[in-house]
Chemist: 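Take this structure, written in structure tokens, and hold onto it; I'll ask about it next.
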Protein chains: 2
Amino acid sequence: MNLPPLIQTFVLHFGEMGSRWGINRTVGQIYALLFLAPEPLCADDIVARLGFSRSNVSMGLKELVAWNLVQLRHKPDDRRDFYTTPDDLWQIVRTLVEERKKREIDPTLTLLRETLMHEPASDEERHAQARMREMHELIELLTGWYDDVRRLETERLVQLLTLGARVQKVLEWKDRLVAPGRRAADSDPTA
Amino acid sequence: MNLPPLIQTFVLHFGEMGSRWGINRTVGQIYALLFLAPEPLCADDIVARLGFSRSNVSMGLKELVAWNLVQLRHKPDDRRDFYTTPDDLWQIVRTLVEERKKREIDPTLTLLRETLMHEPASDEERHAQARMREMHELIELLTGWYDDVRRLETERLVQLLTLGARVQKVLEWKDRLVAPGRRAADSDPTA
DNA sequence: CCGGCGTTTCAGAAATTTCCGAAACGCATA
DNA sequence: TATGCGTTTCGGAAATTTCTGAAACGCCGG
């Protein structure tokens with residue numbers, strides 16, 4: 001590996017972090033390199049920079065493309081594939097969340113739904129099902145929320161995030177105005 | 001493994017999902033079993049149910065305790081340790097998010113801060129740093145928001161989640177009332 | 001201090017994942 | 001249809017992670 005110190009530090013770190021996520025060290029490093037690169041890189045650039053085997057890089061890139069985390073680019077009169085990450089970091093975050101949800105949440109949601117269809121055959125199973133039902137409801141609430149905010153324009157999203165918990169104040173304030181003594185969810189004019 | 005079908009399905013699934021997260025299959029299965037169990041279980045109960053070796057279960061439990069995902073319980077006149085998950089699912093989610101942040105986000109934040117202190121030695125490093133700075137800002141925004149909402153009472157949190165993107169409407173509505181023609185963040189009486 | 005009971009540690013075995021190099025493949029262009 | 005260039009596949013090697021059984025440990029009541 002032959003990289004400027006700042007870049008090397010970041011690349012190595014991302015490799016380690018990668019293994020705490022679903023992706024492996026190599027893939028993490030490739031991603032980090034692409035993320036920092038000012039220009040799209042081709043597979044051989046990455047081989048030269050990171051010293052992995054050609055096929056390993058190829059596999060890694062394939063995985064990153066499957067995750068929608070890197071995109072293919074082409075240069076005129078050059079048959080090679082070049083790879084790059086989106087300039088817009090918000091786009092990256094959106095993709096990341098979307099893909100992790102797809103891999104880590106959705107399968108569980110499906111399984112819970114299926115399992116809750118079955119008739120419990122004992123008290124033990126009855127209790128287990130009740131627990132699963134709780135989990136199912138909670139996940140639905142969370143993914144429902146996500147599905148909502150996901151659609152917001154980035155500008156709006158940032159606005160909301162910046163506001164943080166103070167949004168709560170706005171709601172209380174609205175409450176007092178709209179329906180004194182009642183809770184927001186009850187009489188929501190925006191619903 | 002000798003479990004009622006509904007429970008077995010869930011346990012196996014959680015094992016698989018576990019490996020997509022940082023934790024391994026065994027640990028995932030142990031957690032799932034504890035989550036569904038109506039009563040706290042001791043290590044030998046888990047050995048009997050899942051068929052792992054005693055030491056493997058011990059290590060798994062240790063890891064789950066380190067994650068704050070399971071708690072120790074004791075019965076009178078019984079020296080054994082019993083393990084259980086919190087009844088309150090929201091508590092579980094809070095712990096999960098907190099711990100994942102600690103493991104997956106905070107180290108990166110630290111590294112970014114350090115790296116951004118160094119003087120870039122080339123244009124390449126300068127560009128890389130700019131990119132890292134972007135990432136740093138974005139993560140700070142997200143964690144700042146999280147730090148805010150984390151403190152909300154569960155009831156308030158649920159209210160907010162249920163509202164979803166409609167909270168946006170409330171903000172616009174507030175805008176019009178408070179400062180027609182201007183954006184919420186500009187003139188926020190709740191700030 | 002001893003014996004019983006339960007937990008933890010540890011070194012090696014087993015399983016899984018990662019990684020490499022060689023060969024196969026695909027696709028433009030001549 | 002041959003050639004050149006780049007990508008992908010694949011079997012096995014290497015590395016890492018997971019798992020086990022045996023032994024060590026720690027604590028309490030006798």
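All heavy atoms count here, side chains included; hydrogens, waters and symmetry mates do not. Keep in mind that this is a model prediction, so the values were computed, not measured. Letters A, B, ... mirror the listed sequences (proteins, then strands); counts begin at 1.
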Chemist: Excluding sequence neighbours, so at least two apart, what forms side-chain contact (heavy atoms from CB on, under 4.5 Å) with A:V97?
Modeler: A:V93, A:Y146
Chemist: Could you check whether A:N56 gets within reach of a base, just the sugar-phosphate, or nothing at all, counting any heavy atom under 4.0 Å?
Modeler: sugar-phosphate
Chemist: How close or far is atom P of D:dT18 from atom CZ of B:F52, stated in whole angstroms?
Modeler: 13 Å
Chemist: Please tabulate, one pair per line, each protein N/O and nucleotide N/O from nucleotides 25-29 of chain D that are separated by under 3.5 Å, including the distance.
Modeler:
| from | atom 1 | to | atom 2 | distance (Å) |
| --- | --- | --- | --- | --- |
| D:dG26 | N2 | B:R79 | NH2 | 3.2 |

Chemist: So which atom in B:Q29 and which in B:L12 form the shortest heavy-atom distance, rounded to 0.1 Å?
Modeler: NE2-CD2, 3.9 Å
Chemist: Determine all donor-acceptor pairs shorter than 3.5 Å in which one atom belongs to a side chain in residues 50-60 of chain A; sequence neighbours excluded.
Modeler:
| from | atom 1 | to | atom 2 | distance (Å) |
| --- | --- | --- | --- | --- |
| A:S53 | OG | A:S55 | OG | 3.3 |
| A:S53 | OG | A:N56 | N | 3.1 |

Chemist: For the hydrophobic clusters of this structure (ILVMFWY residues joined by side-chain heavy atoms under 4.5 Å, transitively), does one cluster hold both A:L89 and A:M17?
Modeler: no
Chemist: Which is more 5' along DNA chain D, the nucleotide nearest A:S19 or the one nearest B:R54? Just name the residue.
Modeler: A:S19
Chemist: For A:I46 and D:dT8, give me the distance from atom CD1 to atom P, rounded to whole Å.
Modeler: 12 Å
Chemist: Listing time: all N or O pairs from protein to nucleotides 9-14 of chain D that are below 3.5 Å?
Modeler:
| from | atom 1 | to | atom 2 | distance (Å) |
| --- | --- | --- | --- | --- |
| D:dT9 | OP2 | A:K62 | NZ | 2.6 |

Chemist: For DNA chain D, which residues of residues 23-43 of chain B approach it to below 4.0 angstrom with any heavy atom?
Modeler: B:N24, B:T26
Chemist: Ignoring hydrogens and geometry, is there a side-chain-to-backbone donor-acceptor pair from B:R49 to B:L33 under 3.5 Å?
Modeler: no
Chemist: Using a 6.0 Å distance limit plus a 45 degree cone around the ring axis, check whether B:R20 lies over the aromatic ring of A:W21.
Modeler: no
Chemist: What residues form a ring-ring contact (aromatic ring centres under 6.0 Å, His included) with B:F10, not counting sequence neighbours?
Modeler: B:F14
Chemist: Rounded to whole angstroms, how far apart are CG on A:D44 and P on D:dC5?
Modeler: 13 Å
Chemist: Please list every donor-acceptor pair under 3.5 Å in which a side-chain atom of residues 69-78 of chain A meets a protein atom from a residue at least two apart or in another chain.
Modeler:
| from | atom 1 | to | atom 2 | distance (Å) |
| --- | --- | --- | --- | --- |
| A:H74 | NE2 | A:D81 | OD1 | 2.7 |
| A:D78 | OD1 | A:R80 | N | 3.0 |
| A:D78 | OD1 | A:R80 | NE | 3.1 |
| A:D78 | OD2 | A:R80 | NE | 3.4 |
| A:D78 | OD2 | A:R80 | NH2 | 2.8 |

Chemist: Which pairs would a plain distance check flag for residues 129-137 of chain A, meaning a side-chain donor or acceptor within less than 3.5 Å of a matching protein atom at least two apart in sequence or in another chain?
Modeler:
| from | atom 1 | to | atom 2 | distance (Å) |
| --- | --- | --- | --- | --- |
| A:Q129 | NE2 | A:T115 | O | 3.2 |
| A:Q129 | NE2 | A:H118 | O | 2.5 |
| A:R131 | NE | B:F35 | O | 2.8 |
| A:R131 | NH1 | A:E134 | OE1 | 3.4 |
| A:R131 | NH1 | B:D87 | O | 3.0 |
| A:R131 | NH2 | B:T85 | OG1 | 3.3 |
| A:R131 | NH2 | B:P86 | O | 2.7 |

Chemist: Chain A on DNA chain C: first and last contacting nucleotide, 5' to 3', under 4.0 Å to a heavy atom?
Modeler: C:dT18 to C:dC27
Chemist: Which residues pass the side-chain contact (heavy atoms from CB on, under 4.5 Å) test with A:P38, sequence neighbours left out?
Modeler: B:H127
Chemist: Sequence neighbours left out, what passes side-chain contact (heavy atoms from CB on, under 4.5 Å) with B:I105? Give chain and number order.
Modeler: B:K101, B:I139, B:T143
Chemist: So, using side-chain contact (heavy atoms from CB on, under 4.5 Å) as the criterion, who are the partners of B:E99 when residues are at least two apart?
Modeler: B:W67, B:N68, B:T95, B:K102, B:R103
Chemist: For the residue pair B:R156 / B:Q159, report whether a side-chain donor-acceptor contact shorter than 3.5 Å exists.
Modeler: yes
Chemist: To the nearest Å, how far apart are B:E63 CD and D:dC19 C1'?
Modeler: 13 Å
